[in-house]
Amino acid sequence: MSRLDIKNPSRSQTVLENLYRDVERHIEASPPGLCPVDMSHAFLQMCHAQSCGKCVPCRIGLGQLSKLIEQVLDGSATMATLPVIEKTARTIVNTADCAIGRDAARLVLDGLEGFRDDYEEHIKHHRCLAGLQMPVPCVALCPAGVDVPGYMALVGEGRYADAVRLIRKDNPMPVACAYICEHPCEARCRRSMIDDPINIRGLKRYAVDHAGVVPQPECAPATGKKVAIIGGGPSGLSCAYYLALMGHKVTIYEERDKLGGMLRYGIPAYRFPRQKLDDEIASILSLGIEAHTGVSVGRDITFDKLQRDYDCLYIAIGAHQDKKTGIPGEDSKNVMSAVEMLRAIGDEKMPDFTGKQVVVIGGGNVAMDVTRSAIRLGADKVTCVYRRRIADMTALPDEITGAMAEGAEIMDLAAPVRIESDSDGVAKALWVQPQIIGEADRAGRPRPNKAALDEVRIPADIIVVAIGQGIEIQGFTQAGVPIKRGTFVADSATAVGNMDDVFAGGDCVTGPATAIRAIAAGKVAAANIDEHLGFHHEIRVDVEVPAPKLNNRPPHGRINTTEREACERKHDFEDIECGLTCEGACTEASRCLRCDHFGYGIFKGGRIDKW
């Protein structure tokens, strides 16, 4: 008889592993709008099943906690049940022997704090607050509320111009988003429960690349009202677009020489070709929008004068100010900010980095843009320094791998300490302190701590600081525009509370964010400015969305866009991405489950064809 046997996975273990993967996919595809109490209950039951059962808090406590939440869901609980749930959960957190019990109970405590109103709604009215909405996941997660299933269906039928028209109903810059959007709409795609999220951005790009010139809709009759937009970036342009469609006279005041904001002065041309940007801006301006560039509010024209001359103002100046690291030597020569560098590139004044050693400080998308641009500007070596791990970088994974493929080095767990300069004040090196990863912060990201290692010297001819952007508030504070923590104060309707005719949105309110969030703010501002002026114009589009087809397609791999070879693309600023082929676009569109018609995510009350 043998002493040992080779352990091979049993049939039951193989099935269980597949079950775990299915659960992971379902969790990943959990869309907004699900009942948080129900989800907490399901997670609690799963943790109870995982418990080894050796300690009472896990074996008995989690079961009791599950029964209490079940009472909330079935309507038999009272308001007195909530303190019992809280006390039970806190006891488990304090006494459980392992992380399974502690984390499960902590989730319940966090839920009582974060969505207590949902618990109370179940107890008092026997219904779920979230269940009253039930949105389509991709539409709900798009800040602008674009009809994603609708335009994907149109792409699948080859109706590319109609797809662009449908997108413009909620997003007047479909080309920009087709090229540079971070596609939050894909995050909870229900196709993830079967295989992978649909390549929504790739389908949008295919539509805009093959639609040709799509004429803008007719504007409503003139209202006689005048609106000034301060800032010609994505938020300002979006607000101007919809106000012009509503019949208002719109004038944009832009500080830079060209319109586009961070789309021009923050996104390099290899990600978004300048001709595409210029064409999209020209299409928006064709609605009769007047634009004055090279005009700074507070210097060339006062805020008070704009208030006197216009019926409403929309502030959308973005976030174009440098942010300092605060380390010694930052004022040395050859130390520049990412904003400064990308602004020069946007104005087509290319810095000469030929043969230079460039060090970039930061870990976001801007840092990656700077890193990849430095390579294209002839740098001999580019090193990106980040104080956390690569896994914790906020840049898109594709941007990180793309930079590394082009030859950039990423030094993670290295915190900048000081900049070394020579006797002439020219930067020569960046000194960094190695870090060791530690406990997670409130956002769930592990904190870096100082490691017991010596500082490291990184030789550098050019140092670029890419740690974020601030807001230029000069010219607005004197006018009484409220500012808090460096950003303008505006509510969710973009109204500036203490100023009746002033609205604000985009990065200058939220801080640096994505283009689609800025576009969404412009859409919201346009609707509320229209109401403020005493109108109720509706934005609609007469595009018939194809009827759905029963989709029995088995699990199918996602078709991704490709990029030009790194050895080729790193030498120029031409577009790096290759769009989907016709075959790929049709295949991706056919993977859509049409949540707008089938299953959980149907549109409540029908498709939203106007706002």
Side-chain angles (χ1 to χ4, degrees), residues 13 15-77 81-123 126-135 137 140-141 187-194 197 439-446 599-601:
Q13 184 62 33
V15 172
L16 189 60
E17 290 296 329
N18 290 334
L19 178 61
Y20 274 128
R21 280 193 289 270
D22 287 341
V23 171
E24 288 172 4
R25 284 201 296 267
H26 276 260
I27 292 174
E28 184 180 351
S30 295
L34 295 180
C35 172
V37 181
D38 207 357
M39 290 294 290
S40 296
H41 181 245
F43 183 77
L44 196 61
Q45 287 183 310
M46 186 174 70
C47 291
H48 193 203
Q50 291 176 329
S51 171
C52 68
K54 292 180 180 177
C55 72
V56 172
C58 270
R59 185 178 72 251
I60 305 298
L62 292 183
Q64 289 299 112
L65 200 54
S66 180
K67 289 179 181 178
L68 288 168
I69 296 179
E70 195 171 333
Q71 291 174 13
V72 173
L73 291 169
D74 66 21
S76 61
T81 307
L82 294 183
V84 178
I85 292 175
E86 184 174 3
K87 183 177 180 180
T88 305
R90 201 170 299 281
T91 301
I92 296 171
V93 169
N94 294 332
T95 59
D97 288 343
C98 74
I100 293 177
R102 287 196 301 270
D103 287 353
R106 188 177 291 114
L107 177 137
V108 173
L109 288 175
D110 290 344
L112 281 172
E113 179 182 349
F115 43 84
R116 191 181 188 91
D117 52 343
D118 283 276
Y119 277 94
E120 293 178 356
E121 190 73 15
H122 276 285
I123 292 172
H126 310 301
R127 67 181 186 182
C128 175
L129 286 175
L132 300 177
Q133 299 176 6
M134 302 266 278
L141 288 172
R188 290 290 183 267
C189 176
R190 296 181 71 229
R191 186 75 200 191
S192 299
M193 292 188 289
I194 301 172
E439 294 182 359
D441 58 21
R442 294 188 66 179
R445 300 171 70 202
Y600 162 81

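Atoms CG and NE2, on Leu73 and His126 in that order, are 12.5 Å from each other to the nearest 0.5 Å. Here the CG atom belonging to Leu82 is positioned 6.5 Å from the CG atom belonging to Leu112, to the nearest 0.5 angstrom. One distance of note links CD1 of Ile60 with CG of Leu65; it measures 13.0 Å at 0.5 Å rounding.
For the salt bridge (Lys or Arg N to Asp or Glu O under 4.0 Å) condition, the pairs that include at least one residue of residues 97-112, sequence neighbours left out, are Asp103-Arg106. Residue pairs that meet the salt bridge (Lys or Arg N to Asp or Glu O under 4.0 Å) test with at least one member in residues 81-93, sequence neighbours left out, are Glu86-Arg90.
Not a single salt bridge (Lys or Arg N to Asp or Glu O under 4.0 Å) links Asp117 to another residue, sequence neighbours left out. By the salt bridge (Lys or Arg N to Asp or Glu O under 4.0 Å) test, Glu120 is found to be paired with Arg116, residues two or more places apart in sequence or in another chain being considered. Residues that satisfy the side chain to side chain contact (heavy atoms under 4.5 Å, CB included) test with Gln71, not counting sequence neighbours, are Leu68, Asp74, Ser76, Ala77, Thr81.
When all heavy atoms of Gly101 and Cys58 are compared, the closest pair comes out as CA-SG, 3.3 Å. Shown here for Gly61 and Thr88, the closest heavy-atom pair between the two residues is O-CG2, 4.3 Å.
For the pair Leu107/Ser40, a side-chain contact is recorded, criterion being any heavy-atom separation below 4.5 Å from C-beta on.
Put simply, the residue from Val56, Leu62, Leu109 that forms a side chain to side chain contact (heavy atoms under 4.5 Å, CB included) with Ile92 is Leu62.
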For residues 41-53, which side-chain donor-acceptor pairs fall under 3.5 Å, sequence neighbours excluded?
unit_1 : atom_1 : unit_2 : atom_2 : d
His41  : NE2    : Ser66  : O      : 3.4
His41  : NE2    : Ser66  : OG     : 3.2
His48  : NE2    : Arg59  : O      : 3.1
Ser51  : OG     : Gly53  : N      : 3.1

Ile85 vs Val72, side chain to side chain contact (heavy atoms under 4.5 Å, CB included): CA-CA, chis, key distance, verdict: CA-CA 10 Å; Ile85 292 175; Val72 173; 3.9 Å; yes
